[in-house]
Amino acid sequence: MRLDRIDLKLQVSLYWGHAMFVQYDPNTIRSYAETLYRRASRIVIMSGVSGFLLSGGFGALFMSAVKDNTTGVLMFGLVGAFIGVTLGRGRALVLQLQAQTALCQVAIEANTRRAADAAVSRSAEVAHRAQVG
């Protein structure tokens with residue numbers, strides 16, 4: 001049995017009893033990691049805007065009895081934006097960690113494949129020398 005090339009195929013059994021073969025593709029994982037990074041960058045902005053609008057709305061309700069409610073609404077909105085950005089950064093960090101974990105797994109697979117290929121070529125070389133010599 002020759003092990004010149006390691007071909008990773010996983011047999012995945014589906015719920016209804018059928019099976020399919022899945023080919024390992026590191027580009028899929030890299031694409032997933034890029035998507036996670038994009039979501040992480042958007043979530044901070046969206047959390048800040050949502051916090052500003054939500055707190056500004058509550059501020060408008062709270063400050064409706066006061067004559068100068070624009071300043072109060074703006075202050076409530078800014079506090080809400082700060083809280084939203086802070087919470088968004090926490091969620092973004094989780095997404096970035098997931099992306100880094102996926103990329104780390106791709107790197108581990110690449111290094112393992114390189115080491116396996118080197119071991120196979122060395123064993124083939126030793127076997128060839130044993131036959132010749």
Side-chain angles (χ1 to χ4, degrees):
M1 180 168 149
R2 283 182 55 170
L3 296 175
D4 290 348
R5 184 168 181 261
I6 297 173
D7 197 13
L8 298 177
K9 287 190 178 182
L10 305 174
Q11 185 176 3
V12 178
S13 130
L14 303 175
Y15 290 114
W16 47 85
H18 298 292
M20 64 182 218
F21 289 96
V22 177
Q23 183 72 32
Y24 173 77
D25 184 15
N27 293 326
T28 302
I29 298 173
R30 287 187 189 103
S31 173
Y32 174 68
E34 289 172 6
T35 302
L36 287 174
Y37 272 114
R38 281 194 300 271
R39 282 180 55 197
S41 65
R42 281 193 309 253
I43 202 165
V44 173
I45 294 168
M46 292 307 295
S47 295
V49 169
S50 298
F52 180 81
L53 293 175
L54 188 64
S55 295
F58 283 128
L61 290 174
F62 184 71
M63 300 299 270
S64 63
V66 180
K67 287 183 181 181
D68 186 20
N69 62 358
T70 306
T71 306
V73 170
L74 186 61
M75 292 303 288
F76 272 96
L78 290 176
V79 169
F82 176 75
I83 293 170
V85 166
T86 302
L87 294 175
R89 282 184 181 165
R91 286 189 221 132
L93 183 62
V94 170
L95 292 174
Q96 290 170 346
L97 180 61
Q98 287 177 350
Q100 283 295 311
T101 301
L103 292 173
C104 184
Q105 290 172 347
V106 169
I108 289 170
E109 191 278 333
N111 291 336
T112 304
R113 181 175 294 227
R114 206 173 305 126
D117 288 344
V120 167
S121 67
R122 275 188 299 237
S123 65
E125 188 177 304
V126 169
H128 179 69
R129 285 182 187 166
Q131 288 177 355
V132 172

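If you take CD on Q105 and OG1 on T112, they are separated by 11.5 Å, rounding to the nearest 0.5 Å.
Within the structure, ring pair (Phe, Tyr, Trp, His ring centres under 6.0 Å) pairs that include any residue of residues 76-97 comprise F62-F76 (at least two apart or interchain). Listed by first and then second residue, the ring pair (Phe, Tyr, Trp, His ring centres under 6.0 Å) pairs that reach into residues 93-120 come to none, sequence neighbours excluded. Among residues at least two apart or in separate chains, there is no ring pair (Phe, Tyr, Trp, His ring centres under 6.0 Å) pair with a member in residues 88-111. Annotation: ring pair (Phe, Tyr, Trp, His ring centres under 6.0 Å) contacts involving residues 90-121, sequence neighbours excluded, are absent.
Between S41 and R38, the side chains place no donor N or O within less than 3.5 Å of an acceptor N or O (distance only, hydrogens not considered).
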Tabulate below the donor-acceptor pairs under 3.5 Å that side-chain atoms of residues 46-58 make, not counting sequence neighbours, or state none.
{"unit_1": "S47", "atom_1": "OG", "unit_2": "I43", "atom_2": "O", "d": "2.8"}
{"unit_1": "S47", "atom_1": "OG", "unit_2": "R91", "atom_2": "NH1", "d": "3.4"}
{"unit_1": "S50", "atom_1": "OG", "unit_2": "M46", "atom_2": "O", "d": "2.8"}
{"unit_1": "S55", "atom_1": "OG", "unit_2": "G51", "atom_2": "O", "d": "3.1"}

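R39 is linked by a side chain to side chain donor-acceptor pair (under 3.5 Å) to nothing, counting only residues two or more places apart in sequence or in another chain. Taking the side chain to side chain donor-acceptor pair (under 3.5 Å) definition, one finds that T101 meets it with nothing, sequence neighbours left out. Under the side chain to side chain donor-acceptor pair (under 3.5 Å) criterion, R30 pairs with N27, not counting sequence neighbours. Here Q100 pairs with Y37 under the side chain to side chain donor-acceptor pair (under 3.5 Å) rule; sequence neighbours left out.
Within the 4.5 Å cutoff, the side chain of R89 has no heavy atoms near those of the T86 side chain. Side-chain contact between L87 and I83 is present, with at least one heavy-atom pair separated by less than 4.5 Å.
In plain terms, the two heavy atoms of A92 and V44 that are nearest each other are CB-CG2, 3.8 Å.
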